[in-house]
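To start, the structure under review is shown below, and the notes come after it.
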Amino acid sequence: MSEAKSTKPAGSDLEERRTVRGRQRGDRYVRIVRPAQREFERKDAGHLVATEQVLAPTTAPGRFVDGVRRVLLGARIPTSLELGERIGKVKGLAVFASDNISSSAYATEEIMRVLLLAGLGTMAALTLPITLAIIAVLAIVVVSYQQTIGAYPNGGGSYIVANDNLGPFPGLTAAAALLTDYVLTVAVSIAAGVAALTSIFPQLFDMRVALGIAFVVVLAVGNLRGIRESATIFALPTYVYLVAIFGLLGYGLFRFATGTLPQYTAPSEWSLQETVGPLGILLVLRAFASGSVALTGVEAVSNGVPAFKRPESRNAQVVLILMGSFFGVIFLGMSFLAGQLGIIPDPTEQETVVSQLTRTFVGNGTPYHYLVQISTALLLVLAANTAFADFPRLGSILARDRFAPHYFQFRGDRLAFTTGILVLALLSAVLIVAFSGSVTALIPLYTVGVFVAFTLSQAGMVRHWWKLRATQRGWRWRAALNGLGAVATAIVALVVGAAKFALGAWMVLVLIPALITLMWAINRHYRTVEDALTLDEPHGTLPRRASPRVLVLLARLDRASLEALAYARSIAPLVTAVHVTDDPTEGERIRARWRSLDIDGDTDLVILESPYRALIPPLVAYIDALQKQEPERSITVVLSEFVPRRPWEYLLHNQAALRLKLRLFFRRNTVVIDVPYHV
C-alpha cells in the first residue's frame, strides 16, 4: 500500500476489486461513488477510500427512459457545478423581472375596464392619475426591497423576513400569500399571453384554454432543465418586447409632440355595450385595485437572490432597479397614449388595448403590429417563468423548516426543485381550465396575496432595523423607509381586498388561512414523528425481538416460488408456505405437487380457501390469527415476483404482489420482502 493512487488502467473491475481486497486486510474500507471517476486514494489513519465509476442503466427500459429524460431535460448536472448554473444581471432581468414588466401589457386595460362603467369621459380623465398613484407605490416598494435584499442575501423574501422578525405565524401568512400569488401569476400571465395572440389570430380564441395548458407544459419542461438554461431559452423574448414596446411608445410620443396623433375609432357594437353608472369612491378604488396588478413580481427578485452570480445582493439590487424603471416608463406611456387616443377596452376580450394602440399607430396587420403582439404574447407567457423560479425555491425553504413535505427540497438532475415545478404547473393549469382562460375573471383573485406579503415583509424589516439599532448606523432612516413601505402596501392590501372581495378575492382570503393551517399541521406531524423516532438513550441500544414467522406466498409451484422459499429458509428457521385458492381441486393439485417436490426441513404448506375469489382478505385473516397466537413475534411475508424483460410485458401480468404490498404496508408488525425472478 505504497501508492496514494493506483495507475492501473480501468480495464478489469474484477482485478481492481482483488487489488483492493489484497491490500492490508485489517483496514476499514469505505466506498464513495462518484460519476466519471475510478481511482483509489489513501486517507488518514491508513484507510483506503475507493471511488469508482457509476455505470448507466444497461437494461433496455433503463436506456429508453434515460434517453427520453436526456432529450427533454438535458444531461445531469453534478452538485459541484452549481455555481456555474447561476445567472447574471442580463439573464436575471429575464427570469425575475419578466412578471413585473409584463404587467404593463394589461394593467392599463384593467384600470380602463373598471372606469368605463362610469362613462368614456371618466375613463379618459382618471386612467392617468390612477396610473401615477400606482407608480408611486411601486417606487416605494422597490426602494424598500433594496434594503431587504441587502439584509437577507440568502433569499426567501417575505417569508424569511417575517418569520425571523415577527414570528412563525406572520411568516406562514406571508408564505401562504406568496404561494397563492405565484399560482395566480402563472394563470393570469399565460391567459394574458393567449389573449395577445387571439388579438391578431381571432381564430384561436376558442382554443385559448388548450393553448394556455400547452404553454404551462412548455414552461414546466423548460424550468426542469435548470434555471440557467431556462434563462437562456426565455431571455430573448423579454428583450425583443422591450425594444418593440419602447419603439412603439417613442413613436407615439413623437406623434403627440408633433400634433399628428392618428384618429381612433372603436367598433360601433362596443359603444352600444357600454354601461354608464355613477362615479363613486368604490369604483375608483376598484380601478386602483385592478391596476395594482402591476406591482406583482417585485417580490420575485428578493426571493431569488441566491440564483445570481456573485456578488449576489448587488446583482439582484441592480435588476430590481432596472425592473421598476422599465415597468414604470411602459405603464405610464401606455396609459398616457391610450387616454390621448380615447381607446376603449374590447368587452369581448378578443383584442387587447396594446393591440388597438399598436394598430392605430402603425396599421392593422403590419409587420410591426405582429412584432409587438407576438413579443407581448411571448413575454406574458414567459412572465409565468418568474413564478416557476420562485415558487419551487420558496417551497424548498418551507420544506427545510418542516412546513412543507420534505420532497419539495429535492433537486432533480438539473439542480431544479422538481416537485415545486410540477405542483405549480398542475395548480395553474387547473385555474386556467376553471376560469376558461379569462384574464378579467382571474384578475379579481390576483394581487391580494402579494400585498399581504409586501406588508409583512416591510413590517418585518422595521423590526429588523430596531433589533440592530445598537450596531447599525443610519437605522432610523432605514426603519422609516421600510415603515413607509409597510403603511403604503397595507393600505393597498385593504383597498384591493375590499374592492375585489365580492368579485372573487374572498376565495384567496379563505385560501390563505387554509394554507396556514395545512402548513402548521405538516410541521406538527414532522415534530411528532421526530419525537417518536428520537432515541431516549445517549447511545441507543438495539431492541430485542423474537425471530419472525416467515410466510411465503405461492401463486404456483415454479422456479420463482422455489427461489422465494430458498430465500425465506436462509433468513429464518420457521417458514410456512401459503397458497390461496378459490378452487378446492386446484388446492389438491398444489398439495400433491408439494409432496412430489419433497422439500426438506420444517416448511409447512397451508392452503387457504377463498369462497369469494379474493386473494388479500383470506391472507390477512390468516396473518391476524397467527398474530393473536404469538403477539410478540413479527410476521414476514415473502413474495416471489416475476420481472419481465420488456416494459410492455408488465401489462400481461395482474400485479397481485403490488396490491398485496400496498395492503400490508400499513399493517403493524408486518414486513414484506420481494424476491424478484428475472428470466
Side-chain angles (χ1 to χ4, degrees), residues 96 98-107 109-110 157-159 173-195 208-209 212-213 215-216 219-220 223 289-300 303 349 379-395 420-455 489 492-493 495-497 499-516 518:
F96 294 107
S98 56
D99 178 19
N100 180 253
I101 293 175
S102 69
S103 301
S104 60
Y106 53 84
E109 181 169 347
E110 294 307 317
S158 297
Y159 166 69
T173 303
L178 282 177
L179 292 174
T180 305
D181 186 70
Y182 287 144
V183 175
L184 287 165
T185 293
V186 176
V188 171
S189 297
I190 288 181
V194 172
R208 58 180 180 172
V209 173
I213 295 175
F215 282 133
V216 170
L219 284 174
N223 280 274
S290 295
S292 295
V293 69
L295 274 72
T296 58
V298 178
E299 168 82 12
N303 277 340
E349 297 188 57
L379 179 67
L380 285 165
V381 170
L382 299 183
N385 195 55
T386 299
F388 275 102
D390 280 341
F391 181 97
R393 190 175 299 275
L394 178 57
I421 292 171
L422 295 177
V423 169
L424 177 60
L426 176 62
L427 294 177
S428 56
V430 169
L431 274 182
I432 290 174
V433 173
F435 288 86
S436 301
S438 170
V439 178
T440 302
L442 285 165
I443 283 292
L445 282 69
Y446 207 21
T447 71
V448 179
V450 72
F451 280 104
V452 171
F454 283 166
T455 303
T489 54
V492 177
V495 169
V496 171
K500 295 186 175 183
F501 184 83
L503 299 175
W506 64 269
M507 288 186 280
V508 176
L509 297 176
V510 170
L511 182 59
I512 290 176
L515 281 175
I516 295 171
L518 176 62

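Source: prediction; values computed, not measured.
The distance from atom OG of Ser189 to atom CG of Leu184, rounded to the nearest 0.5 Å, is 10.0 Å. Note that CG of Leu515 and OG1 of Thr180 are 5.0 Å apart. Values are rounded to the nearest 0.5 Å. Distance CG/Leu394 to CG/Asp181: 11.0 Å, rounded to 0.5 Å. Summarising the geometry, atom CZ belonging to Phe391 is positioned 11.0 Å from atom OG1 belonging to Thr185; distances are rounded to the nearest 0.5 Å. If you take CZ on Arg393 and OH on Tyr159, they are separated by 15.5 Å, rounding to the nearest 0.5 Å. Between the CG atom of Leu427 and the CD1 atom of Ile432 there is a distance of 11.5 Å, given to the nearest 0.5 Å.
The heavy-atom pair separating Val209 from Gly437 by the smallest distance is CG2-N, 4.0 Å. Taking both residues in full, the closest heavy atoms of Leu431 and Ala187 are given as CB-CB, 3.9 Å, listed atom of the first, atom of the second, then distance. Listed here is the closest heavy atom pair of Ile512 and Gly449: CD1-CA, 4.3 Å. The minimum heavy-atom distance between Leu424 and Ala387, with the atom names listed, is CD2-O, 3.5 Å. The minimum heavy-atom distance linking Ala192 with Tyr106 is given by the pair CB-CD2, 3.8 Å. Summarising the geometry of Leu219 relative to Ile190, their closest heavy-atom pair is CD1-CD1, 3.9 Å, with the distance given to 0.1 Å.
Ser428 places a side-chain N or O within donor-acceptor distance of the main-chain N or O of Ala425, the cut-off being under 3.5 Å. Arg208 places no side-chain N or O within 3.5 Å of a backbone atom of Ala195 that could act as its donor or acceptor partner. In this structure, the side chain of Ser104 engages the main chain of Ile101 through a donor-acceptor pair within 3.5 Å.
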